[in-house]
Amino acid sequence: MSGAGGSRSRKASHKNVPSSERDDTGTERTAGEPSCPNNGTVEVEHIISRKLELKKKAEHLKANLMRQFDAQVNEFIDSLIEESASLSSSHVNTVFQLSDKEKSKLRHTQQSQGQSKQFVTRRSLLDDLFEVNHIRTIYHMFIALLILFIFSTLIVDFIDQGRLVLEFDLLVYAFGQFPLVVVTWMGMFLSVLVVPFVLLSGWASVYTTSNHGTLWTVLAGSLLLLYQGLCLGFLPTYVVLKNSLPPASCFILILEQVRLMMKTHSFVRENVPRVLSSARTKTNSVAVPQLNQYIYFLFAPTLIYRDNYPRNPCIRWGYVATKFLQVLGCLFYAYYVFVRLCIPQFHNIIMQLFDLRVMVLCVFNSILPGVLVLLLAFFAFLHCWLNAFAEMLRFGDRMFYKDWWNSTSFANYYRTWNVVVHDWLYYYVYRDFMWMTQKRFRAVAMLFVFTVSAVVHEYVLAICFGFFYPVLFCLFMCFGMVFNFVLHDQRKGPIWNVIMWTSLFLGQGVLICLYSQEWYAQRYCPIKEPSFIDLLKPRSWTCYPQSNAAVGAN
């Protein structure tokens with residue numbers, strides 16, 4: 001009995017043990033394991049395929065983690081800034097017993113922080129994205145396209161003229177009279193360096209010690225407005241128009257004019273409340289920044305004044321050189337875009353009647369060069385140029401733009417395309433307008449911001465191109481306003497991103513087409529003594545082939 005019971009128990013215990021069997025070499029293996037070759041090695045092909053699959057999964061997971069990490073870090077920093085800025089003094093008073101003077105100072109500091117931009121140390125988004133090989137490949141594709149542009153231009157010139165033509169006539173023309181541009185810019189910069197700082201310092205010292213503060217305020221404000229309107233506003237424009245500067249030279253001066261005026265406004269706007277607060281609290285020291293702080297602000301890649309900004313510990317000169325080389329590369333890229341895609345199309349387009357057929361073909365043929373110019377302008381200025389200056393100044397906050405390409409609404413696109421300008425418009429136009437109207441006309445405030453932006457953009461284009469053709473103004477005020485309310489932040493699906501990009505492509509095609517037509521019409525059909533109506537009426541609407549006697553000249 002005991003032997004039979006022991007035999008049954010051994011059989012029962014063997015039920016849960018995997019059965020083993022021997023292969024041809026006599027080696028025992030467990031059932032269910034993959035059979036090995038006769039030489040005892042593992043299946044190499046199976047292992048390699050498994051490794052490749054794991055590698056693909058790891059790369060896909062890495063890209064997803066990078067995107068999620070970047071989005072979460074940005075969201076965390078923004079929420080942290082908002083929460084820290086919104087802390088009320090009551091939370092502090094429950095922990096610390098503060099005097100009335102300290103409470104007043106703390107309240108003033110918290111109000112100023114809550115109503116102004118907070119700067120933190122962070123990299124530009126493309127610098128992070130270019131560390132991912134898949135994103136950097138897109139950058140390599142644009143370089144390859146530039147190489148093809150260069151080769152196609154050289155080959156076409158060699159076939160047409162029998163020799164390699166390495167002349168850059170368009171670039172030489174566009175940047176003509178450059179010494180005059182440098183001299184004019186130096187005059188503008190020196191005036192901005194001296195006049196606003198001296199006016200603010202003199203007004204602050206008199207206002208806090210004199211009994212006639214209101215009179216001095218009106219006097220200093222009038223002198224500042226006179227300087228901005230006459231010296232900084234009228235004189236550079238007069239130099240541009242008087243000397244008929246070419247487009248690129250015009251853009252340098254006019255954009256610098258606008259930039260310096262915005263910086264001057266921010267410097268005064270941020271420091272006047274400090275002086276008024278010092279006068280109210282009877283503080284002996286006048287809260288006026290030092291000259292070196294003002295000079296740093298004039299060169300810093302921001303339009304919001306602060307006494308101090310987050311600074312990086314060192315300067316990477318290799319990074320600076322790379323960014324300036326990329327700006328130069330984008331300049332030549334734009335040159336080849338115009339030479340290969342724009343000039344051949346528009347050079348003789350004025351010989352055709354201005355009708356709907358010509359208009360439609362022109363717009364769709366202009367979409368590709370328009371989009372390339374848009375991307376080049378973004379990459380060259382907002383990424384390369386601003387990052388180069390930020391690196392030389394050790395400026396820590398590099399968020400000059402956000403992920404505007406992922407926008408599903410035009411409202412988000414306007415906020416993320418150019419963060420530098422958006423911050424200035426938001427804090428000094430939108431919020432000041434809301435403060436003056438006691439937050440009662442939000443829609444009117446948004447309309448006012450759009451109007452200011454559209455007027456400044458149209459002013460820059462009209463002065464630099466030498467004619468008034470308010471295409472961009474109409475797109476801003478009509479389609480831009482409509483899309484801002486229709487394609488709002490509640491639109492989250494990918495289809496809205498497609499709609500946004502489609503509208504952006506069409507808008508760029510319209511701009512390139514109409515402005516190029518008007519450019520050639522102004523040269524093919526000049527008016528010797530134009531009236532005021534002639535200056536406002538687009539020349540491309542009336543410049544017909546039969547009235548064109550100078551088509552063959554250019």
Side-chain angles (χ1 to χ4, degrees), residues 174-203 220-272 288-306 324 327 331 377 380-382 385-386 388-390 392-393 395 400 418 420-421 423-425 428-429 452-453 455-466:
F175 288 92
Q177 305 185 51
F178 198 73
L180 177 60
V181 174
V182 174
V183 172
T184 307
W185 179 86
M186 291 180 63
M188 293 166 54
F189 180 79
L190 291 176
S191 68
V192 170
L193 180 62
V194 174
V195 176
F197 186 81
V198 171
L199 281 177
L200 180 67
S201 301
W203 169 76
S222 302
L223 290 176
L224 181 63
L225 291 177
L226 182 64
Y227 160 73
Q228 283 192 309
L230 182 61
C231 298
L232 198 55
F234 173 75
L235 289 181
T237 305
Y238 177 79
V239 171
V240 167
L241 298 178
K242 180 68 176 179
N243 297 276
S244 300
L245 293 183
S249 299
C250 287
F251 273 108
I252 293 175
L253 283 182
I254 299 302
L255 290 178
E256 276 296 288
Q257 176 195 47
V258 175
R259 183 184 74 91
L260 293 175
M261 293 183 72
M262 295 170 76
K263 280 184 175 285
T264 301
H265 179 83
S266 176
F267 176 71
V268 175
R269 172 65 178 79
E270 294 290 339
N271 285 286
V272 165
V288 175
Q290 299 177 0
L291 181 60
N292 60 341
Q293 294 173 323
Y294 180 52
I295 294 176
Y296 183 88
F297 168 64
L298 290 180
F299 287 100
T302 179
L303 297 174
I304 307 295
Y305 175 80
R306 293 290 180 273
F324 280 128
V327 171
L331 184 63
F381 181 71
L382 291 176
W385 186 263
L386 294 184
F389 272 87
M392 289 189 293
L393 296 171
F395 188 82
F400 309 125
N418 189 341
V420 180
V421 174
D423 288 340
W424 192 92
L425 290 172
Y428 300 139
V429 180
V452 171
S453 180
V455 168
V456 173
H457 279 80
E458 194 57 44
Y459 161 76
V460 172
L461 293 181
I463 298 299
C464 295
F465 288 154

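Everything numeric here is computed off the predicted structure, so don't read it as measured data.
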Do [X] and [Y] have side chains that approach each other closer than 4.5 Å (heavy atoms only, starting at C-beta)?
| X | Y | answer |
| --- | --- | --- |
| Phe251 | Phe465 | yes |
| Val195 | Cys231 | no |
| Pro236 | Leu253 | no |
| Lys263 | Val192 | no |
| Leu223 | Trp203 | no |

State whether the side chain of Gln257 and the backbone N or O of Gly233 hold a donor-acceptor pair below 3.5 Å, judged by distance alone. yes
Examine Phe395 together with Phe389 and report whether their ring centres are nearer than 6.0 Å. no
Supply the atom-to-atom distance [X] [atom1] to [Y] [atom2], rounded to the nearest 0.5 angstrom.
| X | Y | atom1 | atom2 | answer |
| --- | --- | --- | --- | --- |
| Cys464 | Leu245 | SG | CG | 9.5 Å |
| Leu193 | Phe197 | CG | CZ | 9.0 Å |
| Thr264 | Tyr227 | OG1 | OH | 5.5 Å |
| Ser191 | Leu232 | OG | CG | 5.5 Å |
| Leu199 | Leu226 | CG | CG | 10.0 Å |
| Phe299 | Leu393 | CZ | CG | 8.5 Å |

Pro289 and side chain to side chain contact (heavy atoms under 4.5 Å, CB included): which single residue from Tyr294, Tyr305, Phe297 fits? Tyr305
Partner of Ser249 under side chain to side chain contact (heavy atoms under 4.5 Å, CB included), picked from Leu180, Val181, Val182, is Val181
Looking only at heavy atoms, what is the nearest atom pair of [X] and [Y], with distance?
| X | Y | value |
| --- | --- | --- |
| Leu298 | Arg259 | O-NH1, 2.9 Å |
| Trp424 | Leu303 | CD1-O, 3.5 Å |
| Gln177 | Pro246 | NE2-CD, 4.3 Å |
| Leu200 | Asn271 | CD2-CB, 3.6 Å |

Would you sort out whether Leu461 and His457 count as a side-chain contact (heavy atoms from CB on, under 4.5 Å), showing the intermediate values? CA-CA 6 Å; Leu461 293 181; His457 279 80; 5.6 Å; no
Would you sort out whether Glu270 and Tyr428 count as a side chain to side chain donor-acceptor pair (under 3.5 Å), showing the intermediate values? CA-CA 10 Å; Glu270 294 290 339; Tyr428 300 139; 2.6 Å; yes
Should we say atom CZ of Phe178 is surrounded by more than 12 heavy atoms from elsewhere, each under 6.0 Å from it? no
